[in-house]
Trainee: 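Below is the structure I would like to discuss, written out as structure tokens.
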Amino acid sequence: METEKLLGMALDIGEEMLISGAEIGRVEDSVRRILMTYDAQRADVFTITSSIVVTVTDADGKTLTQTRRIRKYATNLDKLHALNALSRKICAEKPEAEAIQNELSQINKGKNYPVFVQCAAFALIAGSFTLFFGGSALDAAAAALIGAILKFAVLLIDRTGVNMVFANVVNSFLVSTLAFLCTAAGFGTHADSIIIGNIMLLIPGIGMTNAIRDIISGDIMAGILRFCESIVIAVAIAAGYSIAALLFGRWAA
Amino acid sequence: MTYAVQMVTAFLGSMGFSVLFNIRRTKLLIAGFGGALSWGVYLLFGGALDDGPLRCFLAAVGVTVYAEIFARIKKTPTTSFLVPGMIPLIPGGTLYNTMQFAIAGDWAQSGSAAAYTIRVALALAAGIIVVSSVMRMVVAVIRFVRIRCFKPPKRQ
């Protein structure tokens with residue numbers, strides 16, 4: 001296979017893995033292994049959360065570099081599973097370029113849960129965590145309703161393409177305001193429990209944990225980036241809540 | 001009673017996130033039980049240990065072992081079960097509190113919430129890494145022994 005094509009394909013796989021939520025180490029390892037399978041002399045892969053850089057030296061001693069910029073992630077563990085299986089298969093069977101391309105486009109076509117199921121999942125999560133953090137059954141019902149609304153807000157805001165910080169301020173403002181309104185109307189008693197249940201949907205707790213994990217595993221750059229990102233998003237979420245609390249907090253029971 | 005509610009909601013919450021992370025079929029249930037397990041371990045050590053982060057560490061160890069085992073059975077990356085399983089443990093609530101106190105100008109409270117958040121995140125990360133490193137070592141040893149003692153038919 002031509003080195004250029006091979007490198008592009010390995011990067012496609014790596015990029016999709018990173019977007020789907022693979023650890024940095026897994027991405028680097030997969031890309032390197034794929035390249036070495038096709039008789040590269042040497043492959044250097046450097047990955048951080050927002051970029052992949054690969055330099056490969058092929059069997060003839062020609063050197064090539066390509067980079068990819070990653071702007072957006074969407075954790076998709078089913079896709080990650082498929083990509084992982086594909087990269088293992090490539091290393092074991094060394095298939096032709098067309099075969100890989102086909103499988104990759106199959107994987108990219110893979111479906112997500114339909115919107116209403118995701119909406120139900122938002123409601124389930126918000127309701128569950130409201131109970132988890134000590135809310136009453138009525139609070140949980142209110143949180144579930146707000147969670148379902150939040151899903152649509154997230155979809156809408158995604159479509160406008162505003163930046164991540166502003167989107168989080170808006171989402172958290174919306175959630176907090178609705179929670180204050182609900183408690184003011186007697187639907188639920190603890191605005192705080194309702195809010196925390198929904199905040200769990202937004203807050204980057206996993207990002208924070210993964211950041212530290214990256215740092216301990218030696219991917220310090222990636223870890224620091226992820227850490228800062230989590231902090232920024234958390235500040236945005238708290239800001240959204242604070243604005244809502246200033247405006248409507250006194251209505252809440 | 002509160003413990004029972006927490007266990008059930010931990011399970012449901014983890015399942016919900018598994019749906020958002022597009023986990024499919026039986027793996028969805030496995031992922032949900034991972035969440036219940038992690039919170040179960042956390043509660044289990046509640047009697048013996050006061051320190052939240054330490055309990056988080058033990059819970060992370062438990063859920064990582066669980067995730068590693070089922071990842072091998074289901075032939076999928078460990079992440080598939082690890083991320084949903086960690087959901088009840090992640091320091092989301094305290095991270096939020098940290099920023100909320102900071103915005104309110106209450107630096108003392110914010111500082112202690114921040115310290116707690118970092119300690120929990122560290123504990124979780126450490127738990128994951130301890131188990132996955134030990135697992136990797138065990139796999140390497142098994143592979144080494146297998147190659148030395150029983151020559152495989154094809155060696156690259």
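FYI, side chains are in, hydrogens and waters are out, and symmetry mates aren't considered; it's all heavy atoms of this structure. In what follows, chains carry the letters A, B, and so on, assigned in the order in which the sequence lines appear, proteins first and then strands, with residues in each chain numbered from 1.
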Trainee: Pick one of side chain, backbone, both or neither for A:Ser242, based on which atoms fall under 4.5 Å of a heavy atom in chain B.
Mentor: side chain

Trainee: If you measure from CZ on A:Phe129 to CD1 on B:Ile87, what distance do you get to the nearest 0.5 Å?
Mentor: 6.0 Å

Trainee: How would you list, in number order, the residues of residues 70-86 of chain B that have a heavy atom less than 4.5 Å from chain A?
Mentor: B:Lys74, B:Lys75, B:Thr76, B:Pro77, B:Thr78, B:Thr79, B:Ser80, B:Leu82, B:Val83, B:Pro84

Trainee: Provide the closest heavy-atom pair for B:Ala125 versus A:Ile216 in the form atom of the first, atom of the second, distance.
Mentor: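 Closest approach of B:Ala125 to A:Ile216, heavy atoms only: CB-CD1, 4.0 Å.
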
Trainee: State, with a plain yes or no, whether a side-chain heavy atom of B:Met99 is found less than 4.5 Å away from one of A:Ile231.
Mentor: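 SC-SC contact between B:Met99 and A:Ile231 confirmed.
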
Trainee: First locate atom OH of B:Tyr96, then atom CD1 of A:Ile203, and finally report the distance between them rounded to the nearest 0.5 Å.
Mentor: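 Here the rounded value is 8.0 Å.
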
Trainee: Give the intermediate values and the outcome of side chain to side chain contact (heavy atoms under 4.5 Å, CB included) for residues A:Phe227 and B:Ile118.
Mentor: CA-CA 10 Å; A:Phe227 189 83; B:Ile118 303 273; 3.5 Å; yes

Trainee: Please look at B:Ala10 and chain A and tell me whether the side chain, the backbone, both or neither of the residue comes under 4.5 angstrom of a heavy atom of that chain.
Mentor: both

Trainee: For A:Tyr113 and B:Arg24, which heavy atoms make the closest approach, and how far apart are they?
Mentor: N-NH2, 3.3 Å

Trainee: Looking at A:Ala121 and B:Gly16, what are the two nearest heavy atoms and their distance?
Mentor: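 Where A:Ala121 meets B:Gly16 most closely, the heavy atoms are CB-O, 3.7 Å.
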
Trainee: B:Asn22 pairs by side-chain contact (heavy atoms from CB on, under 4.5 Å) with which of A:Thr75, A:Leu77, A:Asp78?
Mentor: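 Only one option passes, and that is A:Asp78.
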
Trainee: Identify which of B:Thr98, B:Ile23, B:Leu124 forms the greatest number of heavy-atom pairs closer than 4.5 Å to chain A.
Mentor: B:Ile23

Trainee: What part of A:Ile195 gets closer than 4.5 Å to chain B, counting heavy atoms only: side chain, backbone, both or neither?
Mentor: side chain

Trainee: Atom OG1 of B:Thr9 and atom CD1 of A:Ile125: how far apart are they, to the nearest 0.5 Å?
Mentor: 12.5 Å

Trainee: For A:Arg26, which atoms come within 4.5 Å of any heavy atom of chain B: side chain, backbone, both, or neither?
Mentor: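 When you check distances to chain B, only side chain atoms of A:Arg26 fall under 4.5 Å.
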
Trainee: Counting only non-hydrogen atoms closer than 4.5 Å, does A:Ile199 touch chain B with its backbone (N, CA, C, O), its side chain (CB onward), both, or neither?
Mentor: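 Answer is side chain: those atoms of A:Ile199 sit under 4.5 Å from chain B.
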
Trainee: When rounded to the nearest 0.5 angstrom, what is the spacing between OG1 in A:Thr209 and CD1 in B:Ile128?
Mentor: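 Interatomic distance, A:Thr209 OG1 to B:Ile128 CD1, rounded to 0.5 Å: 7.0 Å.
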
Trainee: Would you indicate whether B:Phe33, at its atom CZ, is surrounded by more than 12 heavy atoms from other residues, nucleotides or ligands within a distance under 6.0 Å?
Mentor: no

Trainee: Looking only at heavy atoms, what is the nearest atom pair of B:Gly13 and A:Ser128, with distance?
Mentor: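 Result for this residue pair: N-OG, 3.7 Å.
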
Trainee: Roughly how far apart are A:Phe132 CZ and B:Trp39 CH2, rounded to 0.5 Å?
Mentor: 3.5 Å

Trainee: What's the spacing between A:Arg213 CZ and B:Ser132 OG if we round to 0.5 Å?
Mentor: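 If we round to the nearest 0.5 Å, A:Arg213:CZ and B:Ser132:OG are 6.5 Å apart.
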
Trainee: Taking all non-hydrogen atoms of both residues, which atom of B:Gly93 and which atom of A:Ile196 are closest, and how far apart?
Mentor: CA-CD1, 3.9 Å

Trainee: Is B:Val5 close to chain A through its backbone or its side chain, or both, or neither, when contacts mean heavy atoms under 4.5 Å?
Mentor: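 When you check distances to chain A, only side chain atoms of B:Val5 fall under 4.5 Å.
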
Trainee: Tell me, for B:Thr94 versus chain A, whether the close heavy atoms (under 4.5 Å) come from the side chain, the backbone, both or neither.
Mentor: neither

Trainee: Would you call A:Leu131 and B:Leu12 a side-chain contact if the rule is heavy atoms closer than 4.5 Å?
Mentor: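 Side chain of A:Leu131 against side chain of B:Leu12, heavy atoms only: no contact under 4.5 Å found.
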
Trainee: So which part of A:Ala234 gets closer than 4.5 Å to some heavy atom of chain B, the side chain, the backbone, both or neither?
Mentor: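 Both parts, heavy atoms under 4.5 Å.
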
Trainee: Considering only heavy atoms, which portion of A:Leu124 lies under 4.5 Å from any heavy atom of chain B: side chain, backbone, both, or neither?
Mentor: side chain

Trainee: Counting only heavy atoms closer than 4.5 Å, note whether A:Ile215 contacts chain B via side chain, backbone, both or neither.
Mentor: neither

Trainee: Would the number of heavy atoms belonging to other residues, nucleotides or ligands and lying under 6.0 Å from CZ of A:Phe152 be above 12?
Mentor: no

Trainee: Which atom names give the shortest non-hydrogen contact between A:Ala239 and B:Ile103, and what distance separates them?
Mentor: N-CD1, 3.3 Å

Trainee: With only heavy atoms counted, which part of A:Asn112 is less than 4.5 Å from chain B, the side chain, the backbone, both or neither?
Mentor: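 Both backbone and side chain.
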
